[in-house]
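Values in this document were obtained by computation on a predicted structure and should not be read as measured data. Atoms within each ligand, like the ligands themselves, are counted from 1 in listed order.
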Amino acid sequence: MSGTENRTVYRTCPLCEATCGLEITVSPQEQVVRIRGDKDDVFSHGFICPKGSTLKDLHEDPDRLRAPLVKRDGKHVEVSWDEAFQEVHNRFTAFVEKYGRSALGSYVGNPNAHNLGSMLYLSHMLRALGTRNLFSASSVDQMPKHVAGGLVFGTAQSIAVPDIDHTDYLFMLGANPYASNGSLCTAPDFPGRMQAIRQRGGKVVVVDPRRTKTAEASDEWIAIRPGTDGLFLAAIINTIFDEGLQKIEPRIASITNGLDVLKSAVAPFTAEKVAEPTGVSAEVITRIAREIAAAPSAAVYGRMGVNTVEFGTTNAWLINCLSVITGNFDRRGGEMFTTPVAGGATTRGTAGTGKGFRTGRGHSRVSKRAEALGEYPVAVLAEEILTPGEGQIKGMVVAGGNPVVSTPHSAQLDEALSQLEFMVSIDIYLNETSRHADVILPPPSALEKDHYDQSLYVYAIRNIANYSPAVLSRDMSNPDEWEIFVKLGGIFQGLGPECDPHALEEAALRASIDGAVKNSSSNIYGRDPEEIFAQLSKDGRRNTIRSLDFNLQTGPFGAAFGTNPGGASIDVLLENPHGVDYGALEPRLPEALRTPSGKIEIAPDVLIADLSRLEASMKDVDPDQMLLIGRRDLKSNNSWMHNIRVLMKGSLSCTAYVHPADATRLGVAEGDTVRIHSRVGAVEVPVEVTDSVREGVVSLPHGWGHGAPGTRMSVASGKAGVNSNILTDDSKMDPLSGNAVLNAIPVTLSRV
Ligand SMILES: Nc1nc2c(c(=O)[nH]1)N[C@H]1C(S)=C(S)[C@@H](COP(=O)(O)OP(=O)(O)OC[C@H]3O[C@@H](n4cnc5c(=O)[nH]c(N)nc54)[C@H](O)[C@@H]3O)O[C@H]1N2
Ligand SMILES: Nc1nc2c(c(=O)[nH]1)N[C@H]1C(S)=C(S)[C@@H](COP(=O)(O)OP(=O)(O)OC[C@H]3O[C@@H](n4cnc5c(=O)[nH]c(N)nc54)[C@H](O)[C@@H]3O)O[C@H]1N2
Ligand code: SF4
Ligand SMILES: [Mo]
C-alpha cells in the first residue's frame, strides 16, 4: 500500500482475552505511528490497557524472529524457509523411521487461543502427527471448567459466563480482572463493568488470599486460605439447602437431574466445620450464602485461583451448583451460555441433546493419568520424555508455547527437552523452550496476520463478531501462521516439503462443506457444495478469511449463503470494522444442553464420589504451613512479553509478597532476598513485605526466570526474575481434569 497520508485501521488486540478494539495509525512508509483504543469498537468502546499499544513494540522488537532458525553444532543459525521445511522433513522422516509416531509429542500454548490461523488449522497439524501424546496449556489453566461443564451440560465448551453487565451481586473467587482483564469471561474493561455493578447499587465480593486491586475495588474481600475454596463453596451450598433458601426456577428444575443427590452430598460441609480449614468464619459463610440467595440476581465467577488447585474441577462444578440452586443459572444477571456467532459446540448438532462428555479415553503411559479433551496433563510431559520404555516421547512439536517457564516442576521439563532427538518450535522468540528446538519456525507478527477471536467469543459476555484484516502486509516469502501449520501437517502426513498448503487448505474446506450439506441440523443442509464453495471464494478469497466466512455463515446468526440475508458473514464484518454486536446473552436452556439425557446433570457420579476427597482434605490443613500462590501483573503477559522495554521499565518486577507477621517471624525485611523451597525446587527472590497477602501466604508471579543460555531476549534477560514453576509440584494434580496445581503449594522460606 502506498500514498502520502497516514491511514487508520482497526484491529482487535490479541494479547489477552478482553478482545479490545485498537485504532492503529500507519504511515505511508508502513510504519505504525500510533495505537490507541478504538472508541467506536462495539464491545470495548475505547478501553485499552498498557499492553495494547505495545503491538508496535512487539512488531519492531529486534529480538523477534523474522527468519527460521536451525540448530547446527549446538547453535541456532538463520536459514531460508525452504531449507527450514526441508530440515523438518528430513529430521521427521528419519525420526519416525527409527522410533515410530508414538514417540512424538506436542505442546500447544496460550497464544494459539488468540490466533485465527491456529483456531482454524492447528488441528490439521496435530492430527497429522499421528500420536496420542498431545499436551497444551489448557492443563495448567482452565481444564477443570471444561470437565465440569462437560459433565453437567454436555460439551467441553459448556462454560457459562457471568452476566456482569446485568448482575446485582458478583461473587468472584480466585480471579483478578484488574490485572488479567478477565478470563473465560471475555469482557473488555472488566474493571469498569465491575464498578458499574456497585454504581447501580449492587455488591461485589472477592474471595482471594491476596487483597488484589480487584479486591480493593470491591465491597468485601474474603481472605481465604489457599486451596480451600471447595470447602467454602460446599458449605455455602449446604447452608442454602439447610436454611431452605434454594429457589430453583421451575423451568430449570424440570430439566435438572440429581438435585436431591447434590443436597445430601453436601450435607457434611457445615459452615462450622469448614471455618477452621478455610480461615473464613461460619458467620461470614452463612451471611454470604444468604446474600447470594437473596440477591435479585447473582453471578458466581471463579478463575485461576480456584481452577489450578487440587479441587479445580470440584470448584468449577460447585460454582455451577450454587448458580442453579439460587435460580441464577441461565438467566439475566446470573450466568448464561454465549451464542457464539462463528458457532461452537453448544450451537452445533441437535438442539437440547448430544453425546455428552467424558474423560479417560486413554491414559498416559507412565503414571496413567486420564485423557481429557484429547490431551494428557502437561504435568506428566517431563516423565513421558524421561522414562524409558515403549512409547517414550523422544520428539516434540511445540506451537506457541513456553512450557519450560509455564508448567510445574519446570527445571525437570527443561532437562527433559534437552534430551529430545527431534524438536520443532513454532515461535516468535528464541526463548527458554524454543532454545531446545532443532528448527524454529517464526510466524509473522500479530500486525501481519488477520484476526477473529473464534475461541474467546465463545466465552464472552455479549454475542460479538469482529474481524480484522492484517494491519501490515508481510513479506510474502514468509508464510503466514496458518500456512506453517498446514505445511507441517502435510510434511507429517508424508506429503513432503514441497506440499502446497493452499491445496491442502482447499481440500479441508471442501470436506467441511460436504459435511455440512449432508448434516440435517446445518443451515446449508441439502445445498450444492460447489455453489457454497464458489460463494466463499468470491473476490479471490481463500484461507483464513474464507474458512472463517464458512463458520460465520453456517453459525447461529449466519447468512447461510443467501437464505438469511443480512445474517453474519465476512462481508458484513468487512463493512463493520468496529465489530458487530449480536446482543446481550439470552437464556439458552434447554436448547444449549448436549447431555444424552437432555437435562442438566447437576450431580455427576464422579463429582459426587470425589466429595469424600474434599471432606478428607479438611484434616490435612496445617495452619502453620506457608503456601505459595501466583500473581499476574497488568504490564506482563505470561512468560513472553518481558522483552518489551516500555512494559519492563518502571515498577514491573519479580518479587515475593510476604505478610509482615511472617516477615518478622522469618527475620526478613523489605528488599531482603529469601530462599523459597518446595518439594521439587528452590528459588531466591527479593521480598516485598505487605499486608495485602494473608498470613502464611507467599505470592510470586509466574512467567519469569529469563536469561538461560542460548536464548535471544535481551530486554528480558536484563531483568530476569525467577521462575515460580521451579517450585510448583508436578506430582500434584486435580485428578478429575489432570489440571496442574499452581496455587497453594507448600513451601518453606528462609532468609539468605
Ligand atoms: N505458576 C503458574 N504457572 C502458570 C500460570 C500461573 O498462573 N501460575 N498460568 C498458566 C496459564 S493460565 C497459561 S495460559 C500458561 C501459558 O503457558 P504457555 O502458553 O506455555 O506460555 P506463554 O508464556 O503464553 O508462552 C507463549 C509462547 O508463544 C510465543 N508466541 C507469542 N505470540 C505468538 C504467536 O503469535 N505465534 C506463535 N506461534 N507463538 C507466539 C511466545 O514467544 C512464547 O514462547 O501458563 C500457565 N502457567
Ligand atoms: N496482564 C495479564 N493479563 C493476563 C495474563 C497475564 O499473564 N497478564 N494472562 C492471561 C491468562 S493466560 C489467563 S488464564 C488469565 C487469568 O486470569 P485471572 O484468573 O483473573 O488471573 P490471576 O491473576 O491468575 O488471578 C488468580 C487469583 O487467584 C488468587 N488465588 C490464588 N490461590 C487462590 C485460592 O486458593 N483461592 C482463591 N479464592 N484465590 C486464589 C490469586 O491471588 C489471584 O489474585 O489472565 C489473562 N490475562
Ligand atoms: S486488556 Fe487485553 S485485549 Fe485489551 S488492550 Fe490490554 S492486552 Fe489488549
Ligand atoms: Mo491462561
Side-chain angles (χ1 to χ4, degrees), residues 12-20 22 37 44 47-55 58 107-115 117-118 136-138 140-142 173-177 179-184 188-190 206-210 212 214-215 222 224-229 232 302-309 315 378 398-408 425-429 431-434 441-446 449 481 484 627-641 693 697 699-703 723-725 727-728 740 742-745:
T12 308
C13 176
L15 295 173
C16 87
E17 297 178 42
T19 71
C20 301
L22 305 176
S44 61
F47 177 83
I48 184 173
C49 88
K51 294 185 296 304
S53 60
T54 66
L55 283 184
L58 202 52
Y107 174 84
V108 169
N110 171 274
N112 295 289
H114 304 255
N115 216 323
S118 310
S136 86
S138 292
V140 279
D141 190 346
Q142 82 288 0
L173 305 100
N176 184 13
S180 69
N181 279 301
S183 178
L184 293 176
D189 193 16
F190 198 125
V206 172
V207 183
D208 198 306
R210 181 163 77 89
T212 59
T214 307
I222 298 175
I224 196 165
R225 186 189 317 281
T228 65
D229 299 78
F232 180 43
R303 207 39 199 102
M304 283 298 282
V306 293
N307 288 152
T308 55
V309 291
N315 291 342
V378 70
V398 177
N402 192 7
V404 168
V405 179
S406 52
T407 69
S425 262
I426 300 119
D427 208 289
I428 57 172
Y429 282 113
N431 65 10
E432 297 80 10
T433 297
S434 62
L441 304 172
S445 97
K449 294 186 282 198
E481 186 147 16
I484 299 175
L627 296 172
L628 176 76
I629 62 168
R631 187 165 91 229
R632 281 180 160 74
D633 193 295
L634 187 58
K635 290 198 284 178
S636 183
N637 196 21
N638 293 327
S639 74
W640 65 277
M641 284 187 71
V693 285
V697 169
S699 153
L700 190 63
H702 80 286
N723 179 356
S724 68
N725 281 314
L727 300 169
T728 50
L742 306 173
N743 285 294
I745 306 295

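Side-chain N or O atoms of T12 include none that pairs as donor or acceptor with a backbone N or O of T19 at under 3.5 Å. Remark: side-chain polar atoms of D427 are not paired, donor with acceptor, to backbone N or O of N402 under 3.5 angstrom.
Side chains of F232 and I222 form a contact here, defined as non-hydrogen atoms less than 4.5 Å apart. No side-chain heavy atom of V309 sits less than 4.5 Å from a side-chain heavy atom of T228. Between L634 and C49 the shortest side-chain heavy-atom distance falls below 4.5 Å. Between T54 and L15 the shortest side-chain heavy-atom distance falls below 4.5 Å. At least one side-chain heavy atom of P443 sits less than 4.5 Å from a side-chain heavy atom of I428.
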Would you please test S138 and D141 for side-chain hydrogen bond (donor to acceptor under 3.5 Å, both in side chains) and show each step? CA-CA 5 Å; S138 292; D141 190 346; over 6 Å; no

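Annotation: A179 places an N or O atom under 3.5 Å from an N or O atom of ligand 2; distance criterion only. The shortest N or O to N or O distance between D208 and ligand 2 is below 3.5 Å. Considering backbone and side-chain N/O of D229, one or more are found under 3.5 Å from N/O of ligand 2. For a threshold of 3.5 Å applied to N or O pairs, the pair formed by K51 and ligand 2 contains at least one separation below that value. Of the N or O atoms in P209, none lie within a sub-3.5 Å distance of an N or O in ligand 2.
Near ligand 1, Y107, G109, N110, P111, N115, A137, V140, D141, M304, G400, G401, N402, P403, S406, I426, D427, I428, Y429, N431, P443, K449, E481, R632, N638, S639, W640, H702, S724, N725, L742 each place a heavy atom less than 4.0 angstrom from the ligand. Under 4.0 Å from any atom of ligand 3, one finds heavy atoms of residues C13, L15, C16, A18, T19, C20, I48, C49, K51, G52, N181.
Considering only residues two or more places apart in sequence or on other chains, S434 meets the side-chain hydrogen bond (donor to acceptor under 3.5 Å, both in side chains) condition with N431. For S636, the side-chain hydrogen bond (donor to acceptor under 3.5 Å, both in side chains) criterion is met by H642, not counting sequence neighbours.
Rounding to the nearest 0.5 Å gives a distance of 6.5 Å between CD1 of I629 and CZ of R210.
Proximity of D633 to ligand 2, defined as any heavy-atom pair under 4.0 Å, is confined to the backbone N, CA, C and O atoms.
In this structure, a donor-acceptor pair under 3.5 Å is absent between the side chains of S180 and R632.
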